[in-house]
Amino acid sequence: MRSNVKNVGTVLTKAFQRLSVMLVSAAYAHPVASTSCCPFRVRFAPNRGKSGWPPSSILGEYAQDGIGGFKCISGCENDIGKSIWLQLADDSFMNGTRWAWTTSDNEYIGFSVEYTDCPTDAALWNLYYQNRYVIGSVTMQCTEQARAEPCCDELVVTRAPPLLSAGDKGVVGTYSWVDGAFECAQCAPQINAPVVLKLVAAELMPWIDGQSSHWSFVLQGSYTAYALHDASCPDHIGAWHYWVPHVGYRVTTISLQCASHDKVEL
């Protein structure tokens with residue numbers, strides 16, 4: 001009797017060990033993506049493209065990694081030497097199979113809101129910002145249609161409402177591409193800080209309805225103006241909201257254009 005109990009216990013132990021191995025393997029297995037997906041470049045993303053903690057930049061060029069995903073081969077800078085991958089994952093908190101940005105130590109720094117066959121088809125993404133995931137749009141483009149520079153080498157804002165034309169809230173001037181955003185160092189000379197034109201997730205601006213991301217003029221953490229709709233490049237935007245003290249945001253137009261003729265159509 002004791003021998004039979006011992007044998008049953010041994011069988012159950014081995015079965016449990018095999019089941020444990022299967023569960024662990026399943027937890028780390030990634031769904032296989034279609035090989036027809038194009039290599040691509042991530043051009044723009046909220047928060048200057050930085051996601052995760054410590055933040056890693058997802059802006060860069062991605063190539064197929066040979067196992068159904070993509071690895072960033074150019075750009076994607078971070079402070080701790082992590083590699084960045086984008087691959088299909090199926091973890092419970094994502095509510096199904098999603099495209100997920102991961103680092104070399106398996107940290108999820110972002111994932112698509114919905115499943116798509118290829119990452120370039122995903123409209124919205126959950127990106128980790130400070131202490132939570134925030135929904136925003138990301139501009140991605142197949143490599144054969146893209147180049148390393150942003151949509152404009154430089155942007156020039158030539159006209160804005162009087163409150164935004166000069167002084168400590170001025171946005172008129174020339175903007176250069178710096179670390180995932182456009183910056184104008186001379187726009188507001190009274191303030192020892194550049195005016196930054198960058199993508200901001202709408203979820204971080206509670207006064208905006210909807211999701212996606214909006215180009216916004218930001219000075220020392222304050223939103224001086226933001227686009228009324230999403231756009232792949234700031235010079236595609238027709239209407240902006242700008243801040244009027246004691247009144248609130250008002251609709252206006254801001255004239256801006258690419259400084260160079262070598263513009264990329266997105």
Would [X] and [Y] show up in the same hydrophobic cluster when neighbours are defined by side-chain heavy atoms closer than 4.5 Å?
{"X": "V196", "Y": "L219", "result": "no"}
{"X": "V113", "Y": "L88", "result": "no"}
{"X": "I109", "Y": "W85", "result": "no"}
{"X": "F182", "Y": "I254", "result": "yes"}

Would you check if [X] and [Y] make a side-chain contact, meaning some heavy-atom pair closer than 4.5 Å?
{"X": "I73", "Y": "Y62", "answer": "no"}
{"X": "T158", "Y": "S255", "answer": "yes"}
{"X": "V251", "Y": "L228", "answer": "yes"}
{"X": "P234", "Y": "L197", "answer": "yes"}
{"X": "Q130", "Y": "W53", "answer": "no"}

Donor-acceptor contact below 3.5 Å, side chain [X] vs main chain [Y]:
{"X": "S222", "Y": "T224", "value": "no"}
{"X": "T103", "Y": "I84", "value": "no"}
{"X": "R48", "Y": "V178", "value": "yes"}
{"X": "R250", "Y": "W243", "value": "no"}
{"X": "T120", "Y": "C118", "value": "no"}
{"X": "Q141", "Y": "V42", "value": "no"}
{"X": "T174", "Y": "V156", "value": "no"}

For the rings on [X] and [Y], is their centre-to-centre separation under 6.0 Å?
{"X": "W240", "Y": "W215", "answer": "no"}
{"X": "F70", "Y": "F40", "answer": "yes"}
{"X": "Y249", "Y": "Y223", "answer": "no"}
{"X": "F93", "Y": "F111", "answer": "yes"}

Can you confirm whether more than 12 heavy atoms, excluding those of Q186, are under 6.0 Å from its CD atom? no
Does atom CD of E107 have more than 12 heavy-atom neighbours from other groups under 6.0 Å away? yes
Between H246 and V244, is a side chain to side chain contact (heavy atoms under 4.5 Å, CB included) present by the stated rule, with each step listed? CA-CA 6 Å; H246 311 298; V244 178; over 6 Å; no
Shortest non-hydrogen separation from [X] to [Y] and the atoms involved:
{"X": "P46", "Y": "S213", "answer": "CG-OG, 3.2 Å"}
{"X": "L199", "Y": "F44", "answer": "CD1-CB, 3.5 Å"}
{"X": "P119", "Y": "C37", "answer": "CD-SG, 4.3 Å"}
{"X": "P161", "Y": "T252", "answer": "CG-OG1, 3.0 Å"}
{"X": "S176", "Y": "E154", "answer": "OG-OE2, 3.5 Å"}
{"X": "K198", "Y": "V218", "answer": "CE-CG2, 4.0 Å"}

Would you sort out whether I135 and Y133 count as a side chain to side chain contact (heavy atoms under 4.5 Å, CB included), showing the intermediate values? CA-CA 7 Å; I135 295 178; Y133 286 102; over 6 Å; no
Is it true that R98 and D91 have a side-chain N and a carboxylate O under 4.0 angstrom from each other? no
Salt bridge or not between K71 and E61? Use side-chain N to carboxylate O under 4.0 Å. no
Worked check of side chain to side chain donor-acceptor pair (under 3.5 Å) between R159 and T253: CA-CA 9 Å; R159 185 181 62 81; T253 57; 3.3 Å; yes
Would you give the length of the straight line joining atom SG of C258 to atom CG of D235, rounded to the nearest 0.5 angstrom? 4.5 Å
After noting the C-alpha distance and the side-chain angles of H241 and Y226, does the key distance pass the side chain to side chain donor-acceptor pair (under 3.5 Å) rule? CA-CA 5 Å; H241 262 155; Y226 65 90; 2.8 Å; yes
Whether the S83 and S104 side chains hold a donor-acceptor pair (N or O, under 3.5 Å, no angle test) is what I'd like checked. no
Does any donor atom in the side chain of D117 or Y115 lie under 3.5 Å from an acceptor atom in the other side chain? yes
L127 and I58: CA distance, side-chain angles, deciding distance, side chain to side chain contact (heavy atoms under 4.5 Å, CB included) verdict: CA-CA 10 Å; L127 302 170; I58 61 173; 4.3 Å; yes
Test side chain to side chain donor-acceptor pair (under 3.5 Å) on Y128 and N126 and set out the steps. CA-CA 7 Å; Y128 196 83; N126 286 287; over 6 Å; no
Relative to the ring of Y175, is the ring of F217 parallel (under 30°), tilted (30 to 60°) or perpendicular (over 60°)? perpendicular
Could you walk me through whether C38 and C142 pass the disulfide (SG to SG under 2.5 Å) check? CA-CA 6 Å; C38 65; C142 290; 1.9 Å; yes
